[in-house]
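Written below as structure tokens is the structure these notes are about.
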Amino acid sequence: MDKKANTWMIRAGVMATLLVGLTGCASYMPYSGPRAGSVNDVAHNKALAGIQLVDVNYAMSRYMKDEIGQSHLDALKDFMNPDPLRYAVGPGDTLQVYIWEAPPAMLFATGAASMSRLSGSMMTSIPAQMVGSDGDIMMPFAGKISCTGKTLNEIGAEIRDRLIHMAHDPQVVVRLVKNHAQSITVVGNVKNSTMVPMIPGGVSVLQAIAAAGGVVKPVNKVTIQLSRSGKVLQLPLEEIIRNPHEDVSLRGGDVLTALYKPLQVTVMGAAKETKEVDFQASGISLAQALAQAGGLNGNQADAKAVFVFRFEKPSLLPHWPKPVQLTANGEVPVVFRFDFSDPATLFAAQTFPIQNHDLIYVASAPITDLQKFLGLIIQIVYPIQGLTTAGVVP
């Protein structure tokens, strides 16, 4: 047998061996993540029990966006102040009491109280005093007056009720001199972290931020976190400015934190770029996130297998594809599947809301494995041909 025929026999044997092992070798060829079949199998694979696979169309995408918006409004309602004009006095506040008496009464006409005449009546200014830790102040002739949780008008009415049988037609006005009990803490990405005192009439989120000198970073990149009694609400600052109903009236003890922490989504697989995409606090859609990663890689991507991995609240969908199994923190692991070969899915991608720490994965097309396999053949066969040409193979 001549050298040329022997060479071709060797090459044919190598190729035959590789072709026979194509199926087995596929699992050993390099790839960047799970293949589409592996993800699609989560609905039937017992080893992946608990992971929900949800096919997303435009109706589903629209529903999810509306549900997220509604849950946001529901959370906002919990932080609404039903009576923003009401200021409740508390321990530490300093109050000033003014009393008017019609002549000829002289109940407060003696002692250190200052007096002035106004329309024939006698006005007495009681020295300012701080509300004690027990929530009370002391009033001459009226005794101990409970102040905690009451408005200034309510305190004034109680003092008048105590004095009405001792003074002639007393009129009482109570003024807030210093506020120590009801204040709002503003920290984070603001010019000056500060304590903003509550005032009768209320303080809104934007008023508190303004009192702290405003935010330092761009408005569209800042999230305002409101903490109250163990509950937390996050609001994009840009949305608060745009929608006045989100500029809620605050309560004493609230903590406002201006967060400059860009939200991120990770894009992996057969996209043009594997990267973390930062997005603004106002949100981003799946289409926008993919666009920032360069879109799908036309040479590798399987347009029918674009996935979004997320831990979702169990209340999001009324009917999950299979019985829900919650994680330790009460969430559901979900894989949202998109078929970009269907033009209607592009509308869904424009609507589908991406959330912080989502993972977008684009699976490789099946032909990619074949291309890798053919590349492997070329790497093996051509060195053999080179050795044969050089006379190394007999």
Side-chain angles (χ1 to χ4, degrees), residues 22-23 25-45 47-48 50-68 264-277 279 283-312 316-322 332-355 357-376:
L22 174 60
T23 303
C25 288
S27 60
Y28 295 99
M29 286 188 296
Y31 54 96
S32 59
R35 295 181 173 87
S38 301
V39 181
N40 294 334
D41 195 40
V42 300
H44 309 288
N45 191 333
L48 302 175
I51 300 178
Q52 298 287 327
L53 180 64
V54 179
D55 287 304
V56 181
N57 53 24
Y58 178 77
M60 170 67 71
S61 181
R62 184 76 252 178
Y63 171 83
M64 291 189 61
K65 186 173 183 178
D66 292 343
E67 281 296 303
I68 291 174
Q264 293 180 327
V265 56
T266 304
V267 182
M268 298 178 62
K272 287 287 183 64
E273 296 181 71
T274 296
K275 62 184 298 188
E276 284 190 333
V277 174
F279 61 95
I284 191 174
S285 69
L286 172 60
Q288 291 171 319
L290 286 173
Q292 291 194 35
L296 305 187
N297 189 330
N299 296 324
Q300 298 180 7
D302 183 355
K304 295 183 178 182
V306 177
F307 306 98
V308 175
F309 293 75
R310 174 188 301 168
F311 288 96
E312 191 56 86
L316 177 70
L317 295 179
H319 303 291
W320 289 95
K322 60 180 181 178
V332 182
V334 187
V335 180
F336 296 101
R337 178 170 56 188
F338 296 81
D339 180 2
F340 273 66
S341 67
D342 181 358
T345 304
L346 298 178
F347 293 100
Q350 288 179 314
T351 308
F352 187 84
I354 292 298
Q355 298 185 22
H357 301 310
D358 278 356
L359 189 152
I360 301 172
Y361 178 74
V362 183
S364 298
I367 189 64
T368 304
D369 285 342
L370 178 59
Q371 291 171 343
K372 292 178 181 177
F373 179 72
L374 293 177
L376 183 61

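As the structure is a computational prediction, the values presented were derived from the model and not from experiment. For the single chain, residues carry numbers from 1 onward in sequence order.
- The side chain to side chain contact (heavy atoms under 4.5 Å, CB included) test applied to S285 returns A287, Q288, not counting sequence neighbours.
- For Q355, the side chain to side chain contact (heavy atoms under 4.5 Å, CB included) test picks out I68, R310, E312, D358, with sequence neighbours left out.
- Interatomic distance, L290 CG to E273 CD, rounded to the nearest 0.5 Å: 12.0 Å.
- No side-chain heavy atom of V56 sits less than 4.5 Å from a side-chain heavy atom of L286.
- Taking CD from Q264 and CZ from F279, the interatomic distance works out to 8.5 Å, rounded to the nearest 0.5 Å.
- For the atom pair Y361 OH and T274 OG1, the distance stands at 9.5 Å (nearest 0.5 Å).
- Checked by atom type and distance alone, the side chain of K275 never pairs as donor or acceptor with a backbone atom of G294 at under 3.5 Å.
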Take L316 and V334, measure what side-chain contact (heavy atoms from CB on, under 4.5 Å) needs, and give me the verdict at the end. CA-CA 11 Å; L316 177 70; V334 187; over 6 Å; no

Go through it in stages, so that I can follow the logic: the residues are V362 and N297, the test is side-chain contact (heavy atoms from CB on, under 4.5 Å), and I'd like the CA-CA distance, side-chain angles, deciding distance and then a yes or no. CA-CA 9 Å; V362 183; N297 189 330; over 6 Å; no

Begin from the C-alpha positions of D55 and M60 and carry the test side-chain contact (heavy atoms from CB on, under 4.5 Å) through to its verdict. CA-CA 8 Å; D55 287 304; M60 170 67 71; over 6 Å; no

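- Residue pairs meeting the side chain to side chain donor-acceptor pair (under 3.5 Å) criterion with at least one partner in residues 56-65, sequence neighbours excluded, are R62-D66.
- Between atom CZ of residue F309 and atom CD1 of residue I51 there is a gap of 8.0 Å, rounded to the nearest 0.5 Å.
- Considering all non-hydrogen atoms of both residues, A303 and L296 come closest at CA-CD1, 4.4 Å.
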Apply side-chain contact (heavy atoms from CB on, under 4.5 Å) to residues Q292 and V265 and explain how you reach the verdict. CA-CA 11 Å; Q292 291 194 35; V265 56; over 6 Å; no

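- Under the ring pair (Phe, Tyr, Trp, His ring centres under 6.0 Å) criterion, F352 pairs with F336, F338, sequence neighbours left out.
- Listed by first then second residue, pairs satisfying side chain to side chain donor-acceptor pair (under 3.5 Å) with a partner in residues 339-350 read D339-S341, not counting sequence neighbours.
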